[in-house]
Amino acid sequence: MAAFLRPGERQSGAFGVSFDTDRDAAAASLPTFNRNEKLALQDQRRRLPVYQHRREILYLVEHHATVIIVGETGSGKTTQIPQYLLEAGWCSHGRMVACTQPRRVAAMTVAARVAEETGSTLGQAVGYGIRFEDVSTPGLTQIRFCTDGVLLQEMLQDPLLTAYSVIMVDEAHERSLATDTLLGLLKKVQRRRPDLRVIIASATLEAERVAAFFDASTVRGAKAGGDDLSKQPALLSVEGRTHSVQIHYLEKPCSDYVRTAVQTAADIHREDMPGDILIFLTGQQECEDCVVMLEEEARKVRAGRAPLRLMPVPLYAGLPAAAQLAAFEHAPRGYRKVVVATNIAETSVTIDGVVFVIDSCYSKQTAYNPLTGLESLLVAPVSKASAAQRAGRAGRVRPGHCFRLCTEADFQALSDATVPEMQRAELSGTVLRLKALGVDNMMTFDWLAPPPAETMIRALELLHALGALDVSARLSKPVGQQLAELPVDPRLGAALLASGRLGCSEEVATVVAMLSVHSVWAGARGERKALEAAKAKFAVGEGDLVTYLNVWKAWQESGRDRRWAARNCLNHRTLLRAADIRSQLCHHLRRLGIAMESCDTEVALLRKALAAGLLMNAVQLVDTAADISDPSSAGVNIYRILRSTGPGPLPKLRIHASSVLARTRPQWLVFWQVQQSSSGWFEMQEVTAIEPHWLPELADHVYTQIGAQRS
DNA sequence: GAGCACTGC
């Protein structure tokens with residue numbers, strides 16, 4: 001039984017820590033809109049906390065090149081500040097105010113709300129831009145919400161962002177790759193465009209750092225040209241509207257946080273405090289396991305004739321959209337909803353009615369090891385900032401409680417903030433785009449958080465291997481420039497370019513599109529047998545990527561039939577999105593002068609094109625486990641990476657169990673992704689069998705030795 | 001032997 005200290009049991013100090021106003025919590029992705037539904041829109045606008053700061057914000061934007069706004073949850077900053085700027089004349093002379101968001105849904109929903117508040121049709125004065133959808137009208141649109149990725153891509157055509165008078169970067173504390181890249185570039189643009197204003201919305205924790213980064217007041221020649229524009233960033237804090245959340249810690253560490261979460265939910269339930277429960281776990285499997293355990297618990301509660309019944313629902317990104325909706329529906333009368341979620345519920349979505357949060361304090365995070373050049377996912381403790389954000393999810397409707405499944409001492413040992421993605425991800429795509437924007441020296445670029453030098457070198461190595469860089473590490477023509485324009489990972493872009501030479505662009509476009517969406521396989525709960533049978537129908541010995549091609553072909557032959565997809569455990573909506581991406585890729589390829597050709601049954605050509613992109617991910621089967629000291633690895637397939645790695649032990653690679661080649665174990669293959677298991681294995685998730693002599697044929701500057709061995 | 005979250009003219 002999990003032992004928590006409850007409010008009032010003991011004086012605060014040793015265990016219970018009470019929260020004031022969720023001050024640590026990062027701002028939520030969307031403000032609450034319908035709190036004052038009966039009021040006229042303009043009255044509602046004036047009731048938002050940010051309205052008290054309207055004049056101050058406009059003054060600061062007038063007089064400072066950069067303004068940093070710390071806006072807490074529910075402050076209204078996202079919807080209101082762009083409107084204040086519009087009203088103050090920042091959209092005259094045909095220029096726009098841009099507001100960037102890390103996520104597509106946020107860009108769309110916020111734009112819709114602001115259009116409603118300004119009494120205009122979405123796409124006219126107020127619009128949005130996300131991949132595939134530009135709902136704005138050139139010459140007419142004044143406020144444009146877009147994803148930060150869209151704005152970055154726009155910079156390839158308009159490096160100084162001349163269409164905009166103000167850029168507001170929202171949710172900057174999330175520190176995504178795109179946000180950090182954008183901020184670094186905006187600092188550069190400001191030197192060339194003194195008229196441009198930058199507003200950065202960020203949580204307290206990051207605000208000081210961002211302010212220091214944008215401080216150009218000490219730079220030589222920083223004196224503004226005649227006007228009184230300050231190059232020193234202004235900092236402004238806007239209070240939010242959240243309720244207090246009381247934090248509880250475990251008295252003793254737990255060994256199984258899934259089980260402890262179930263027990264804690266049952267405890268809350270038995271104590272009969274009203275309100276829904278939100279549990280944070282790390283992955284799909286954990287969520288599903290937890291739901292099953294909660295259902296057992298619910299049966300016990302029913303047997304004990306408790307007044308409430310439990311309604312556990314899973315929530316993770318890979319869940320089909322229809323199943324995701326269950327997490328947002330109100331529980332029927334007499335039921336208490338328990339949402340068991342991954343990180344998706346931390347920032348991406350908001351669930352109404354949550355009063356209790358149970359936090360495992362773990363999540364899956366990307367990690368990059370520049371020595372091995374392997375990017376992988378692994379379970380790791382969250383940061384305090386992340387935990388605060390999770391806790392804040394309990395205080396949206398009324399004062400709530402957060403149960404952290406660790407001791408307070410263990411919690412205090414967590415890092416304050418999550419390491420920015422820039423410092424824990426593979427960076428070839430970022431480096432490629434920076435080069436396309438004229439940033440040639442990565443070491444001297446003004447990074448908000450500089451990535452490790454080894455990571456930058458690895459990125460340059462990979463780009464060089466793909467032919468994107470010339471001998472002086474500049475973007476090559478035409479390959480490098482073409483890769484920068486393709487909206488995919490450089491490795492997949494290289495496969496697309498190779499497919500043009502090999503005559504299989506139709507097939508590679510399909511595979512790349514399928515890799516750009518969530519898994520197309522549906523049927524997470526209780527349908528594993530059916531799912532396996534469906535997969536087996538399409539599986540081929542050439543590997544997972546060729547299997548994707550078969551799935552696509554069969555779906556096409558069905559006439560893109562929704563019922564056919566359901567019968568074969570395929571997610572129809574995901575396939576439609578893949579189709580969208582595929583047609584966009586074909587459009588890009590044609591524009592680059594690459595003919596759309598099919599290799600028909602010559603699948604080897606497809607595999608070779610994929611190998612051209614994934615050539616740094618080529619591995620060879622080593623037949624015994626003898627060279628690995630771990631006894632538990634005996635008899636398991638072990639692969640070694642063929643390219644050079646840094647000093648230190650070679651990574652232990654094996655095929656992930658989800659692969660169609662998990663039992664076939666081809667001698668040579670390339671992989672797309674790896675996941676790190678708790679036992680230290682790197683598990684290759686999407687693999688394709690290759691012929692070893694292809695490697696020197698495709699890249700003799702990387703693989704000379706294999707060619708020598710084989711000839 | 002089984003799947004963090006996002007994103008791209």
Side-chain angles (χ1 to χ4, degrees), chain A residues 29 100-107 129-134 136 138 146-158 163 171 174-179 181-182 280-289 315-319 341-349 360 362-367 376-380 382 386 389 418 421 424-425 429-430 432-433 436 484-490 492-493 512 516-524 528 531-532 535 544 577 580-581 584-585 587-588 591 636-637 654-660 662-663 673-677 681 683 685-686:
Chain A
S29 54
T100 70
Q101 297 291 321
R103 279 169 290 280
R104 297 153 54 95
V105 267
I130 57 176
R131 187 183 194 176
F132 300 127
E133 266 185 273
D134 185 6
S136 61
C146 62
T147 54
D148 37 24
V150 163
L151 201 64
L152 276 178
Q153 207 70 10
E154 274 183 32
M155 288 183 84
L156 286 179
Q157 305 305 315
D158 182 12
E171 314 288 359
E174 288 187 24
R175 304 296 304 275
S176 70
L177 269 185
T179 302
T181 309
L182 184 61
F280 282 101
L281 298 175
T282 70
Q284 174 174 336
Q285 196 58 54
E286 272 182 12
C287 291
E288 295 292 353
D289 291 349
L315 179 65
Y316 45 85
L319 203 62
T342 62
N343 242 358
I344 191 172
E346 188 177 313
T347 48
S348 302
V349 298
S360 68
Y362 281 92
S363 71
K364 281 197 187 171
Q365 297 163 22
T366 39
S376 59
L377 280 174
L378 84 171
V379 174
V382 299
S386 188
Q389 172 78 8
T418 309
E421 203 177 2
R424 53 184 171 86
T430 301
L432 180 71
R433 266 148 203 94
E485 286 187 38
L486 288 170
V488 291
D489 181 285
L492 300 181
V512 170
S516 306
V517 294
H518 269 117
S519 170
V520 292
W521 299 108
R528 231 166 92 166
L531 181 64
E532 269 185 39
K535 263 189 170 179
D544 301 292
R577 177 156 168 82
D580 241 354
I581 293 175
Q584 189 198 12
L585 292 174
H587 170 77
H588 278 285
R591 201 173 45 80
V636 188
N637 65 81
R654 70 181 178 201
I655 301 178
H656 193 274
S658 63
S659 168
V660 297
R663 276 171 291 204
Q673 286 192 108
V674 284
Q675 166 146 342
Q676 215 169 324
S677 75
W681 281 92
E683 299 181 324
Q685 277 186 319
E686 271 125 349

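All values below were derived from every heavy atom in this structure, side-chain atoms included, with hydrogens, water molecules and symmetry-related copies excluded. Just so it is clear, the structure is predicted and the values come from calculations on it, not from any experiment. Per chain, numbering begins at 1; letters A, B, ... match sequence-line order.
Between the base of B:dA2 and the side chain of A:Glu532 there is a donor-acceptor pair shorter than 3.5 Å. The base of B:dG1 is not paired with the side chain of A:Lys535 by any donor and acceptor separated by under 3.5 Å. In the interface, the side chain of A:Gln157 is paired with the base of B:dC9 through a donor and an acceptor atom under 3.5 Å apart.
Considering only residues two or more places apart in sequence or on other chains, A:Gln285 meets the side chain to side chain contact (heavy atoms under 4.5 Å, CB included) condition with A:Asp289. By the side chain to side chain contact (heavy atoms under 4.5 Å, CB included) test, A:Arg433 is found to be paired with A:Gln153, residues two or more places apart in sequence or in another chain being considered.
Between A:Thr147 and B:dT7, a side-chain N or O to OP1/OP2 separation shorter than 4.0 Å is absent. Within the structure, every side-chain polar atom (N or O) of A:Arg654 is placed at least 4.0 Å from both OP1 and OP2 of B:dG1. Side-chain nitrogen and oxygen atoms of A:Gln285 include none within less than 4.0 Å of the OP1 or OP2 phosphate oxygen of B:dG1.
A:Thr366 comes within contact range of at least one nucleobase, with a heavy-atom separation under 4.0 Å.
Once rounded to the nearest 0.5 Å, the distance linking CG of A:Asn343 with CD of A:Gln389 reads 10.0 Å.
Comparing B:dG3, B:dA5, B:dC9 against the side chain of A:Ser658 picks out B:dG3 as the nearest.
Of all non-hydrogen atoms in A:Ser658 and A:Lys535, the two that sit nearest each other are O-NZ, 3.7 Å.
Sequence order on DNA chain B of the closest nucleotides to A:Glu686 and A:Arg104 puts A:Glu686 first from the 5' end.
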